[in-house]
Amino acid sequence: MLDLKLIRQNPEAVKVALGKRKLEYIKAIDELIIIDEKKRIIQQKADELKSERNNLSKSIKSKDEAINIQAQVKSINAQIQVLDQEQITLNEALEAIILYMPNLPSADTPDGKDERENQEIHSWGNKPILNSPKPHWEIAEALGILDFENTTRLSGSRFGSFIGQGAKLQRALIQFMLEEAANANYLELSPPAIIQGQILRGTGQLPKFAEDLYHLENTDQYLIPTAEVPLTGFYANGQALKEADLPKKLCAYTPCFRSEAGAAGRDTRGLIRQHQFDKIELVHICKPEDSFSEHEKLVRQAENILEKLELPYRRILLCAGDMGFSASKCYDLEVWFPSQNQYREISSCSNCTDFQARRLNLKFKRDQKNELVHTLNGSGLAVGRTWAAIVENYQLDNKLGFKIPKVLQDYMKISELS
RNA sequence: GGAGAGAUGGCCGAGCGGUUGAAGGCGCAGCACUGGAAAUGCUGUAUACAGGUAACUGUAUCGAGGGUUCGAAUCCCUCUCUCUCCGCCA
């Protein structure tokens with residue numbers, strides 16, 4: 001959520017920043033200011049009346065004296081009730097706008113409408129030289145380590161199963177990624193995959209993106225779309241964090257669930273776009289002045305995983321129009337997929353500044369005062385896509401199979417699968 | 001799932017219709033004492049919104065929502081959560 005005070009004090013700057021994402025937000029700012037103005041006038045009136053009522057009540061010491069002021073207080077109460085109701089209505093109108101407004105792009109976020117205007121920061125690694133690169137599902141299904149056919153009967157489209165060495169490879173990746181995070185002093189959490197709507201509102205998935213989530217019937221509970229939600233929301237209990245405890249670095253391995261509404265027809269084959277996938281998530285909670293340097297550290301942590309797996313990738317700085325709702329600045333890491341002859345997203349590292357912290361009421365104490373923290377999140381990494389990238393980049397040119405990355409060989413006890 | 005008990009500030013805990021935003025203790029911070037520390041003493045120590053350059057002022061908040069009342073942490077209703085016992089169960 002954006003800071004209402006900032007909008008009030010500097011509406012033009014907010015309009016310019018939001019306009020970089022989508023022009024339609026500019027008009028909403030004007031509406032917001034009008035509602036806010038009305039709301040404050042009403043609050044002042046209501047507060048004055050309440051003050052008057054309190055003073056009258058305080059002057060009464062016994063039941064008998066009460067008779068003198070009963071009528072007066074009742075009439076004040078009637079006025080208060082009307083004003084309070086108006087304030088509730090205005091507040092709802094205000095929330096209906098501000099909860100649907102995305103974070104302001106940072107100053108160094110490039111202008112641009114969509115992914116075509118993203119900036120490549122750098123690329124790493126050597127793309128494999130292959131005569132006829134096969135897609136990962138072709139190799140994996142033929143090897144019997146990945147199944148879609150039976151699994152679709154079990155669960156529907158966009159679900160798959162890892163089998164035998166395939167399942168073990170997934171486990172190896174999870175173990176490897178968690179160890180890397182532990183070595184970098186991340187605190188591992190193993191949170192539930194079911195979470196309250198309130199927290200999803202805090203991190204920005206709700207109310208705007210409800211259709212992307214799996215909602216449990218007759219509850220306010222949802223399946224997590226990413227461990228970003230439980231990790232970022234973990235300390236959102238209203239109790240301020242200690243300044244000395246920041247930055248907090250958290251990691252978690254969880255399944256992630258996405259309805260993929262609106263993705264019909266895209267990436268229908270293989271592991272790229274599934275309803276359920278595993279991911280190791282990294283979250284930093286830090287002081288406001290540190291968030292941009294923490295963001296660089298976070299993205300380096302994710303890159304480090306790709307480098308140790310020796311997977312060719314590039315880092316992209318997203319333009320304003322392509323950035324996620326809660327992010328102020330975002331790097332995507334994209335891994336090379338030989339069969340598609342293109343890079344595909346494998347990690348998205350966002351600096352959400354105080355946007356989620358304000359919604360979650362996530363604060364730290366500095367000099368006796370509570371201040372909003374900044375929150376950052378990034379994948380380190382999406383396991384299914386990493387699995388697929390390994391199969392494709394390490395595939396053998398002369399026969400069916402692929403090599404196992406060096407860092408996973410101890411765990412897998414083999415160097416090649418064919 | 002059945003029965004009972006409970007939910008008060010960072011924590012423990014008093015209060016059971018008015019002077020209580022909330023006693024007391026612990027914790028924490030500052031100051032004094034000390035060569036330094038411990039102990040001790042003193043002082044301070046919730047959050048949000050609105051107004052004000054500010055000091056500050058007003059309002060709201062004692063699990064959440066609603067009600068009774070001139071006035072609610074205190075009384076009533078609903079919900080949520082926690083604990084204990086029983087049942088069931090990875």
Side-chain angles (χ1 to χ4, degrees), chain A residues 1-11 32-99 190-202 206 215-222 230 233-246 248 255 285 287 354-373:
Chain A
M1 192 163 67
L2 298 179
D3 184 2
L4 205 64
K5 276 184 198 146
L6 176 72
I7 296 174
R8 208 181 281 154
Q9 285 161 7
N10 209 341
L32 204 62
I33 289 169
I34 292 166
I35 296 168
D36 177 55
E37 189 82 18
K38 276 191 203 161
K39 198 189 112 180
R40 277 150 63 213
I41 290 166
I42 287 169
Q43 185 182 341
Q44 272 181 56
K45 276 192 208 159
D47 281 0
E48 279 168 28
L49 287 169
K50 283 173 187 174
S51 176
E52 197 183 334
R53 175 184 65 185
N54 287 345
N55 287 333
L56 283 169
S57 288
K58 272 182 202 161
S59 69
I60 297 303
K61 295 281 182 257
S62 72
K63 193 91 186 163
D64 300 334
E65 289 176 65
I67 294 160
N68 302 324
I69 61 156
Q70 269 176 10
Q72 201 181 346
V73 174
K74 276 192 173 166
S75 114
I76 291 172
N77 275 343
Q79 294 175 63
I80 288 173
Q81 207 178 358
V82 172
L83 291 173
D84 277 354
Q85 195 49 53
E86 275 180 60
Q87 219 188 326
I88 289 167
T89 308
L90 287 170
N91 214 33
E92 281 167 0
L94 201 126
E95 287 203 334
I97 297 172
I98 203 165
L99 285 177
S190 183
I194 292 175
I195 197 153
Q196 307 266 34
Q198 186 199 346
I199 306 297
L200 287 154
R201 274 181 280 281
L206 289 177
H215 186 191
L216 304 189
E217 217 174 345
N218 300 323
T219 67
D220 187 37
Q221 294 170 317
Y222 298 77
F234 194 75
Y235 295 102
N237 53 11
Q239 193 177 320
L241 298 167
K242 288 185 185 153
E243 185 180 3
D245 291 344
L246 301 180
K248 270 188 185 294
I285 299 172
K287 296 193 245 180
D354 60 7
F355 187 83
Q356 295 179 319
R358 186 171 295 106
R359 287 171 164 234
L360 287 165
N361 193 25
L362 187 51
K363 299 183 173 176
F364 76 105
K365 191 151 246 156
R366 170 152 65 184
D367 302 331
Q368 311 257 32
K369 289 218 162 186
N370 286 347
E371 270 182 68
L372 292 171
V373 297

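A, B, ... follow the sequence lines: proteins, then strands. Residue 1 opens every chain. Side chains are part of it too, since the values below use all heavy atoms of this structure and drop only hydrogens, waters and symmetry mates. In this text, all values refer to a predicted model and were calculated from it rather than measured experimentally.
Not counting sequence neighbours, the partners of A:Arg40 by the salt bridge (Lys or Arg N to Asp or Glu O under 4.0 Å) test are A:Asp36, A:Glu37. Remark: A:Lys50 engages A:Asp84 in a salt bridge (Lys or Arg N to Asp or Glu O under 4.0 Å) (not counting sequence neighbours). Scored by the side-chain contact (heavy atoms from CB on, under 4.5 Å) test, A:Ala193 finds A:Ile224, A:Pro255, A:Phe257 as partners (sequence neighbours excluded). Considering only residues two or more places apart in sequence or on other chains, A:Glu371 meets the salt bridge (Lys or Arg N to Asp or Glu O under 4.0 Å) condition with A:Arg366. In this structure A:Phe355 satisfies the ring pair (Phe, Tyr, Trp, His ring centres under 6.0 Å) test together with A:Phe325, sequence neighbours excluded. A search for side-chain contact (heavy atoms from CB on, under 4.5 Å) contacts involving A:Ile33 returns A:Ile7, A:Pro11, A:Ile29, not counting sequence neighbours. Applying the side-chain contact (heavy atoms from CB on, under 4.5 Å) criterion to A:Glu48, with sequence neighbours excluded, gives no partner residue. Listed by chain and residue number, A:Glu243 satisfy the salt bridge (Lys or Arg N to Asp or Glu O under 4.0 Å) test with A:Lys287 (two or more places apart in sequence, or in another chain). A search for side-chain contact (heavy atoms from CB on, under 4.5 Å) contacts involving A:Gln79 returns A:Leu49, A:Ser75, not counting sequence neighbours.
If you take atom C1' in B:U45 and the same atom in B:C85, they sit 41 Å apart, rounded to whole Å. For the P atom pair drawn from B:C62 and B:G66, the interatomic distance equals 12 Å after rounding to whole Å. Distance noted for atom C1' between B:C76 and B:G17: 13 Å (whole Å). Remark: the separation of the C1' atoms in B:U19 and B:C12 is 27 Å, to the nearest Å. For the C1' atoms, the distance linking B:U57 with B:C79 amounts to 37 Å, nearest Å.
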Output a table of nitrogen or oxygen pairs between the protein and nucleotides 59-65 of chain B separated by less than 3.5 Å.
| residue | atom | partner | partner atom | Å |
| --- | --- | --- | --- | --- |
| B:U59 | OP1 | A:Asn54 | ND2 | 3.3 |
| B:U59 | O2' | A:Asp47 | OD1 | 3.1 |
| B:A60 | OP2 | A:Asn54 | ND2 | 3.3 |

Atom pairs under 3.5 Å, N or O on each side, protein against nucleotides 44-48 of chain B: can you list them with distances?
| residue | atom | partner | partner atom | Å |
| --- | --- | --- | --- | --- |
| B:U47 | OP1 | A:Lys365 | NZ | 3.4 |
| B:U47 | OP1 | A:Asn370 | ND2 | 3.4 |
| B:A48 | OP1 | A:Lys363 | NZ | 2.5 |

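For the pair A:Arg8 and A:Ile88, both in contact range of RNA chain B, the more 5′-proximal nearest nucleotide belongs to A:Arg8. Residue order along RNA chain B, read from the 5' end via each residue's closest nucleotide, puts A:Gln81 first among A:Ile69 and A:Gln81.
For A:Glu37 and B:A50, the CD to C1' distance is 12 Å, given to the nearest whole Å.
The side chain of A:Asn77 contributes an N or O atom lying less than 4.0 Å from OP1 or OP2 of B:G71.
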Where does RNA chain B pair, written as one dot-bracket string 5' to 3', with Watson-Crick or G-U pairs under 3.5 Å, ( ) inside the strand, [ ] for crossing pairs and | for another strand? ((((((((.[[[..)..(.....]]]((((((.......))))))((((((....)))))).[[[[[..)....]]]]])))))))....

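Remark: A:Lys248 qualifies as a cation-pi partner of A:Tyr235 under the 6.0 Å distance and 45° angle criteria applied to the six-membered ring.
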